[in-house]
Enquirer: 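One structure coming up, written as structure tokens, with questions to follow.
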Amino acid sequence: MSIQPLKILVTGDVAGKFDQLFNRVRNVNKKAGPFEMLLCVGDFFGVAASAQAEWKKYQDGEEKVPMPTYILGANKVEHLKFFAEPNGCEIAENVTFLGKKGTFTGTSGLQIAYMSGIEQEDAAIKEPHHFNKADVDALGMPLVSDSKFRGVDVLLTSQWPLGVAKYASPPDGINVEGLQSTGSASVSDLVLALRPRYHFAGMEGCFYERLPYRNHKVLAEGARHVTRFLALAKVGNKEKKKYLYAFNIIPMNKMEKEELVKQPQDVTECPYSWSERKQQEQQRPDMSNQYFFSTGQHGQGSGHRGRGRGHKRSHEGQRMPRKPPKPTGPCWFCLASPQVEKHLVVSVGTTTYLALAKGGLVSDHVLITPIGHYQSTVDLPQDVISELEQYKTALRKLFKSEGKTCVIFERNFRTQHLQIQVVPVKFDSMMVDIKDVFLEHAESHKLELNEIPRHSDLKQIVSVGAPYFYVELPNGDKLLHRVKKFFPLQFGREVLASSEILDMTERADWKACDVSKEEATDMTAVFREKFNKFDFNAADDDDED
């Protein structure tokens, strides 16, 4: 059975002309649809009173947006007031602000990368609507460090990439001199790294469909897919330049390589080069090691990963790790708190500890949690994240030795202290696709649970303070739900307790699984004994003897 392509609409700067845009979208959808979504680049909002009045109708539900619509963030100071949540959120029914930067993968498998705002020009002044090279690196690094990464399906930026017209005819309305300074060098670097199949931008007031360009060097590298760049005009422009574009696409992960890398007859060389960026970075040698793309160290971490107790970090030339915030009231998980149930503690590291879950789904259900008071993974400094990952690795090794694997999840909603839940499942549970079970349960609750790249960093996708549910599956897949209003507090347990996985639906609520302190103490001692040979902290203590 052949895979049906997705039909997608993209628009340029809306600039507050919502009625005109959505009426046009309705007509196009009726004649040529149905379309999956509408993507918007450039300025979505307008500051005129008429524009704000139009938006209020959609915000209040008086008018309906005809299809799921995804927008980028502010490009101007005066538009910041429309984006109260920098991490992204639903701002009206069927209108979602994607966030400052990140990737979005729908249930179809289509992967969309995005960078909001404009490039920071003055190193001393960074406004909320600016992005800089560090933002570009934070978006690109988790993707390109995956050895299986081939590119993204779609890239959305408001700014053009600098030098896009090289090897191609220039766009109408922009002279050659102006073209040399039109766009962002950092966006060019991002495009080089992410290799999008389609790249859309706005802001320049013209329509420009560049000839496709190749992403490999002929004869020197194997063939890769081509990139098509399209700039879209402003909605309702007097010159009647094209502002709405429709295209069909099959997600990259569902295409055979032979079909994906086919080269059209009019393909050109890639117009971008790293060299300009490197020359710029050489003028700031004291900062160059902060930026992934400028160093060329693809996939290299901070260098501190995998250290347990007994190791000290050198802080020469570095900022000292920030101290965790203090809880606003009693906390059941801060290790120094009198409320913490210490009889459940299995292992204590430098910045995190491991404990048996109270009312666990199974006897080996454990929590990894920071010693200091942090609300979510997104809050954590790098040293805490590194040790947290060590605990995950140690637990996976333990469960593998017992013929098991594990599901790891976090709910950052109605909690005040981070708890990473680790639940072992038998390998025969893998006969069922655990991801499908999560997606089915999410659908039954009307939750949008999206797959994110395996090597993605939550900090690039979710901002501090934003509620979310996150799960890591045994095969390495990761799922994320951005909590908007409602979220079932026992969702993670509910899925794992289902008949398809652990088949213990009566244990979905932790309160139904609680045991006496004496029994919990005995269970902790049993788990501690078998975890001991995998505990990196115990290994460090042995080294010090």
Side-chain angles (χ1 to χ4, degrees), residues 1-10 28-29 32-39 41 68 70 103-114 139-140 142-157 161 164 167-168 188 190-201 208-232 244-272 298 433 435-436 439 450-456 475-478:
M1 183 177 175
S2 61
I3 299 172
Q4 292 298 313
L6 304 174
K7 303 180 75 170
I8 297 174
L9 288 173
V10 189
V28 172
N29 197 41
F35 287 87
E36 296 283 329
M37 65 184 78
L38 171 66
L39 305 174
V41 294
Y70 299 91
T103 57
F104 168 76
T105 305
T107 54
S108 65
L110 187 77
Q111 188 175 39
I112 300 172
Y114 54 90
L139 173 55
L143 295 171
V144 302
S145 60
D146 185 346
S147 60
K148 297 180 180 179
F149 178 73
R150 293 190 292 176
V152 297
D153 291 302
V154 178
L155 173 63
L156 304 177
T157 64
V164 66
Y167 307 127
S188 301
L190 183 63
V191 177
L192 273 173
L194 299 189
R195 299 194 292 272
R197 295 166 67 198
Y198 284 87
H199 177 197
F200 296 96
Y208 178 46
E209 185 171 12
R210 190 202 184 280
L211 292 174
Y213 63 83
R214 58 176 66 95
N215 285 296
H216 64 276
K217 295 178 181 178
V218 178
L219 301 181
E221 296 175 317
R224 294 187 179 126
H225 59 271
V226 301
T227 294
R228 290 172 167 85
F229 172 77
L230 291 108
L232 295 160
L244 190 64
Y245 183 86
F247 71 107
N248 298 338
I249 186 170
I250 295 174
M252 185 185 299
N253 63 1
K254 295 183 178 179
M255 293 183 69
E256 296 293 337
K257 183 178 179 181
E258 182 180 346
E259 185 67 24
L260 178 65
V261 303
K262 280 184 178 179
Q263 306 291 300
Q265 289 185 348
D266 56 353
V267 68
T268 76
E269 292 297 318
C270 178
Y272 314 118
H298 292 237
D433 191 326
K435 179 167 70 173
D436 285 348
L439 293 175
N450 292 307
E451 187 172 353
I452 61 176
R454 292 190 177 195
H455 292 275
S456 58
N475 66 351
D477 286 346
K478 298 179 180 181

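For the numbers below, each heavy atom of this structure counts, side chains included, while hydrogens, waters and symmetry mates do not.
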Enquirer: Would you say that Asn29 contacts Pro34 through its side chain, given a criterion of any heavy-atom pair below 4.5 Å between the two side chains?
Expert: yes
Enquirer: Check ring pair (Phe, Tyr, Trp, His ring centres under 6.0 Å) between Tyr208 and all other residues, then give those that pass, not counting sequence neighbours.
Expert: Trp160
Enquirer: How far does OG of Ser108 sit from CG of Asn253, to the nearest 0.5 angstrom?
Expert: 8.0 Å
Enquirer: Can you measure from CG (Leu190) to CZ (Arg195) and round to the nearest 0.5 angstrom?
Expert: 12.0 Å
Enquirer: Kindly say whether the aromatic ring centers of Phe200 and Phe247 come within a distance under 6.0 Å.
Expert: yes
Enquirer: Do the ring planes of Phe229 and His199 sit parallel (below 30°), tilted (30 to 60°) or perpendicular (above 60°)?
Expert: perpendicular
Enquirer: Backbone N or O of Gly109 within a donor-acceptor pair of the Gln111 side chain at under 3.5 Å?
Expert: no
Enquirer: Distance check, rounded to the nearest 0.5 Å: Ile112 atom CD1 versus Tyr70 atom OH?
Expert: 7.5 Å
Enquirer: What distance do Met252 atom CE and Asp153 atom CG have between them, rounded to the nearest 0.5 Å?
Expert: 5.0 Å
Enquirer: Rounded at 0.5 Å granularity, tell me how far OH in Tyr245 sits from CG in Leu232.
Expert: 9.0 Å
Enquirer: side-chain hydrogen bond (donor to acceptor under 3.5 Å, both in side chains) with Ser188: which residues, sequence neighbours excluded?
Expert: none
Enquirer: Give every donor-acceptor pair under 3.5 Å between a side-chain atom in residues 210-223 and any protein atom, sequence neighbours left out.
Expert:
unit_1: Arg210; atom_1: NE; unit_2: Val164; atom_2: O; d: 2.6
unit_1: Arg210; atom_1: NH1; unit_2: Thr268; atom_2: OG1; d: 3.0
unit_1: Arg210; atom_1: NH2; unit_2: Lys166; atom_2: O; d: 2.5
unit_1: Arg210; atom_1: NH2; unit_2: Thr268; atom_2: OG1; d: 3.2
unit_1: Arg214; atom_1: NH1; unit_2: Glu269; atom_2: OE2; d: 2.4
unit_1: Asn215; atom_1: ND2; unit_2: His225; atom_2: O; d: 3.0
unit_1: Asn215; atom_1: ND2; unit_2: Thr227; atom_2: OG1; d: 2.9
unit_1: His216; atom_1: ND1; unit_2: Arg224; atom_2: N; d: 3.2
unit_1: Glu221; atom_1: OE1; unit_2: Lys217; atom_2: N; d: 2.8

Enquirer: Considering residues at least two apart in sequence or located in another chain, which fulfil the side-chain hydrogen bond (donor to acceptor under 3.5 Å, both in side chains) criterion with Asp146?
Expert: none
Enquirer: Can you list every salt bridge (Lys or Arg N to Asp or Glu O under 4.0 Å) pair that touches residues 244-261, not counting sequence neighbours?
Expert: Glu259-Lys262
Enquirer: How long is the straight-line distance from CG of Leu6 back to CD1 of Ile250, given to the nearest 0.5 Å?
Expert: 8.5 Å
Enquirer: Taking side-chain hydrogen bond (donor to acceptor under 3.5 Å, both in side chains) as the definition, give me every residue that meets it alongside Glu451, ordered by chain and number, with sequence neighbours left out.
Expert: Lys435
Enquirer: What I'd like to find out is whether the side chain of Leu260 reaches to under 4.5 Å of the side chain of Arg150, using heavy atoms alone.
Expert: yes
